[in-house]
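Have a look at the structure below before the remarks.
Each ligand, and each atom within it, is numbered from 1 in the order the structure gives. For the numbers below, each heavy atom of this structure counts, side chains included, while hydrogens, waters and symmetry mates do not. Note that the numbering runs from 1 along the sequence shown for the chain. Note that the structure is a prediction, hence the values are computed from the model and not measured.
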Amino acid sequence: MTSLSLNKQSILSRNSPIGVFDSGVGGISVLKHIHALLPHENLLYVADSKYAPYGGRTPAEITARCCEIADFLIAKNAKALVVACNTATAAAIDAMRAKYDLPSFNIPIIGMEPAVKPAAAATKNGIIGVLATVGTLKSAQFAALLETYGRNVEVVTQACVGLVECIERGELTHENTLKLIQQYCKPLLNEGADTIVLGCTHYPFVRPLIEQAVGKEVALIDTGAAVAKYLQKRLQELGLLSESQKAANLVFYTNSNAENAKQVISQLWGQSAEVKRL
Ligand code: DGL
């Protein structure tokens, strides 16, 4: 580990890519914010779609997947890792930091958590809803988040089983996807939530359907932009922000078995994407 660490430090440079990953294609919603804020940064994205969803997996399984992907991205010379997945962050970020975020390794590992703090600040009636995976809602990290930021508001949570799979299939506007969303938003609306947290990085891709289900009066909050800003700050602190003026190089990796994986990734990215097998 020590010699690998020293090697890594010596070859990491401002032009090294940023590695971003998720259980599947959902983290592309975060990648878009990163690319918009840091358009000259080379980006590698891993969609672990063969193992999606992470939501029903144990923390040990998720941690093993995250470390395998991190090893892959570090071998590709990633200068930072973004865990673009709330479920993976809750399950694995501590283990990942213990393994990779050592002073000698010096690779910042950025995670994400449901936006309870901004939602608690934004709500007018004191009732917020959180849509997330079973894994996120059951995690100790989420309990701690509620303890810290949810004390003065009522928090209604809803696990959205099956929704990640719809998005993995690229079914962003399908009738069945809308039905599922309506079913999951109903309890939050019944409790009077005026602010809803999109606590899974897949959900921004069905934001129009969620808006349709909850109406314009309810505010929706997600964390992609905040994660991109935090990443920028960390890279700046480490002197690792790209100074290139060239167009960024973007490569997507997937282990999806779906024939239409490239099509779904390109659909979510918004243009034809370079997609490689993991
Ligand atoms: N995008 C992941 C998240 O933010 C989805 C989790 C899953 O695969 O269940 O939680």
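- Near G55, with a cut-off below 4.0 Å to any heavy atom, the atoms of ligand 1 are 7 (C), 8 (O), 9 (O).
- In the displayed structure, K138 atom NZ is contacted under 6.0 Å by at most 12 heavy atoms of other residues, nucleotides or ligands.
- Interface atoms of ligand 1 facing S23, defined by a heavy-atom separation under 4.0 Å, are 5 (C), 6 (C), 7 (C), 8 (O).
- Within the 4.0 Å heavy-atom criterion, both parts of T87, backbone and side chain, lie near ligand 1.
- Ligand-side atoms of ligand 1 in range of D22: 1 (N), 2 (C), range being under 4.0 angstrom from any heavy atom.
- Contact of the Q183 side chain with the L180 side chain is registered, since non-hydrogen atoms from C-beta on lie closer than 4.5 Å.
- Polar contact check, T133 against ligand 1: no nitrogen or oxygen pair lies under 3.5 Å apart.
- Side-chain contact check for S49 versus E168: some heavy-atom pair is nearer than 4.5 Å.
- At a heavy-atom distance under 4.0 Å, atoms from both the backbone and the side chain of P53 approach ligand 1.
- Aromatic pair W269/F252: centroids less than 6.0 angstrom apart.
- At least one heavy atom of C85 sits less than 4.0 Å from an atom of ligand 1.
- The protein heavy-atom contact nearest to atom 7 (C) of ligand 1 is Y54 N, 3.2 Å.
- When side chains are defined from C-beta on, E113 does not count as touching T223, because their heavy atoms never get closer than 4.5 Å.
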* Checking side chain to side chain donor-acceptor pair (under 3.5 Å) for the pair T136/N86: CA distance, chi angles, key distance, verdict? -> CA-CA 6 Å; T136 296; N86 296 268; 5.8 Å; no
